[in-house]
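Values below: every heavy atom of this structure, side chains too, minus hydrogens, waters and symmetry copies. Each chain gets a letter, A, B and so on, in the order the sequences are listed, and its residues count up from 1. Small disclaimer: the values here were computed from a predicted structure and weren't measured.
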There are 2 protein chains.
Amino acid sequence: MLLSQRADYAVRAMVYIAIQEKGKRVQIREAADKQEAPEPFLAKIVQALAVAGLVDTQRGAGGGIALARPAQDITLLQIVEAAEGPIALTRCTYEPGRCPRMERCAVHPVWERVQRVLETHLAAIRLSELAESQRKLTMAA
Amino acid sequence: MLLSQRADYAVRAMVYIAIQEKGKRVQIREAADKQEAPEPFLAKIVQALAVAGLVDTQRGAGGGIALARPAQDITLLQIVEAAEGPIALTRCTYEPGRCPRMERCAVHPVWERVQRVLETHLAAIRLSELAESQRKLTMAA
DNA sequence: TATAAACAGGACTAATAAGGTCGTCATACT
DNA sequence: AGTATGACGACCTTATTAGTCCTGTTTATA
């Protein structure tokens, strides 16, 4: 698999948070149940999302998780990178300038191009769109 | 990293084989030296390429590896899949119908779409193009 | 102010995959 | 026959992934 479970859980959890009524906080337990994710594992992922500034967490009774900004300002790429760390197609493209063959290898620029395509596509998808189609799906059922 | 070292070694080795004069076979040892890949590891990868029908191997003195068909009939996607197995973005898209949430999850179709984009881009790149630009690079140096 | 509800954070573990090695056998040219 | 070469399979080591668990700390509210 190209993306890990972390990324998948993270995205689904974000969608779940996004479809709540405004102002309502979600508990990790609840999100884990609904998304069929192991609770302690999801808790860790949520921490990473919080560090990345995508969600705002609040402790204590009545606490929970909420989006840190409007859903249309959050992209799929941001969620994936928050959960997984920066994405790199191969070791060559992990850090710019890290690959010793860069100057003499015809494959290098191709990996870079493909990676850019992937990032662009992920960045074009907004959490608000995902939330919208999730709402429709849920209503239909 | 989204793709493993196997894929990277495989692609570079294929380019190296493709830039040889017609009819000349490459020894694994030689390819490993040139591509800075561990020889026994590359040998395994070459086996996978042979099973996938991308290269033709010949044992014995004067043996070695050659392309099994013209370089313009081999795509980057074929090489990557031969080296890594079928690519799947997430566990959801690993096998069609394998994901239990498919019907009620708004994220699922997005993963499928992104995966298709990736596959399409990889399939659009031909080994012959890579070989051509590698030849130019080598001549320039 | 006690208490229960919630996340924070670190240490730990199990399973899997990646990356790599080695030895032996089969094959083909000379 | 001898030697060069890949095929094949067993094995090993390390890193990553996917989790678990325990002990906090914060916060609302009864």
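Contacts of residues 47-60 of chain A with DNA chain D (heavy atom under 4.0 Å): Gln58(A), Arg59(A), Gly60(A). Near DNA chain C, meaning a heavy atom under 4.0 Å from it, residues 5-17 of chain B has Gln5(B), Arg6(B), Tyr9(B) in order of number. DNA chain C is contacted by Val26(A), Gln27(A), Ile28(A) of residues 26-34 of chain A, taking any non-hydrogen atom closer than 4.0 Å.
The two residues Leu89(A) and Thr93(A) make their nearest non-hydrogen contact at N-OG1, 3.4 Å. Taking each heavy atom of Ala131(B) and Val15(B) in turn, the nearest pair found is CA-CG1, 4.3 Å.
Here chain A contacts DNA chain D (any atom closer than 4.0 Å to a heavy atom, that is under 4.0 Å), and the contacts span dA18(D) to dA28(D) from 5' to 3'.
Taking hydrophobic clusters as Ile, Leu, Val, Met, Phe, Trp and Tyr residues chained together by side-chain heavy-atom distances below 4.5 Å, Leu122(B) does not share a cluster with Val117(A). In the hydrophobic cluster analysis, where Ile, Leu, Val, Met, Phe, Trp and Tyr join through side-chain heavy atoms closer than 4.5 angstrom, Val114(A) is grouped together with Leu77(A).
Looking at heavy atoms from C-beta onward, Met14(A) lies in side-chain contact with Leu67(A) at the 4.5 angstrom threshold. Residues Asp8(B) and Leu3(B) are not in side-chain contact: their nearest non-hydrogen atoms beyond the backbone lie 4.5 Å or more apart.
The distance between atom CZ of Phe41(A) and atom P of dA15(C), rounded to the nearest whole Å, is 16 Å. Summarising the geometry, the separation between CG on Leu2(A) and P on dA18(C) is reported as 11 Å, rounded to the nearest angstrom. Counting to the nearest Å, the P atom of dC22(C) and the CD atom of Glu39(B) are 11 Å from each other. Look at NZ on Lys44(B): it is 15 Å from P on dA17(C), rounded to the nearest Å.
Residue-level contact check: Pro40(B) touches the bases, meaning some heavy atom is under 4.0 Å from a base atom.
Sorted by first and then second residue, the ring pair (Phe, Tyr, Trp, His ring centres under 6.0 Å) pairs involving residues 79-112 of chain B (not counting sequence neighbours) form an empty list. For residues 2-44 of chain A, the pairs satisfying ring pair (Phe, Tyr, Trp, His ring centres under 6.0 Å) are Tyr9(A)-Phe41(A), with sequence neighbours left out.
At a threshold of 4.0 Å, the pair Arg135(B)-Glu132(B) counts as salt-bridged, since one of the basic side-chain nitrogens sits closer than that to a carboxylate oxygen. Ionic pairing of Arg91(B) and Glu36(A) is not present here: no N-O contact between side-chain nitrogen and carboxylate oxygen is shorter than 4.0 angstrom. Under the 4.0 Å criterion applied to side-chain N and carboxylate O atoms, Lys24(A) and Glu30(A) are assigned as salt-bridge partners. For the pair Arg6(B) and Glu84(B), the salt-bridge criterion is not met [side-chain N within less than 4.0 Å of a carboxylate O].
Residue-to-nucleotide proximity on DNA chain D shows that, of Arg91(B) and Ala43(B), the 5′-proximal contact is made by Ala43(B).
Residue Ile74(B) is tested with Leu49(B), Val55(B), Ile79(B) for a side-chain contact (heavy atoms from CB on, under 4.5 Å); the sole match is Ile79(B).
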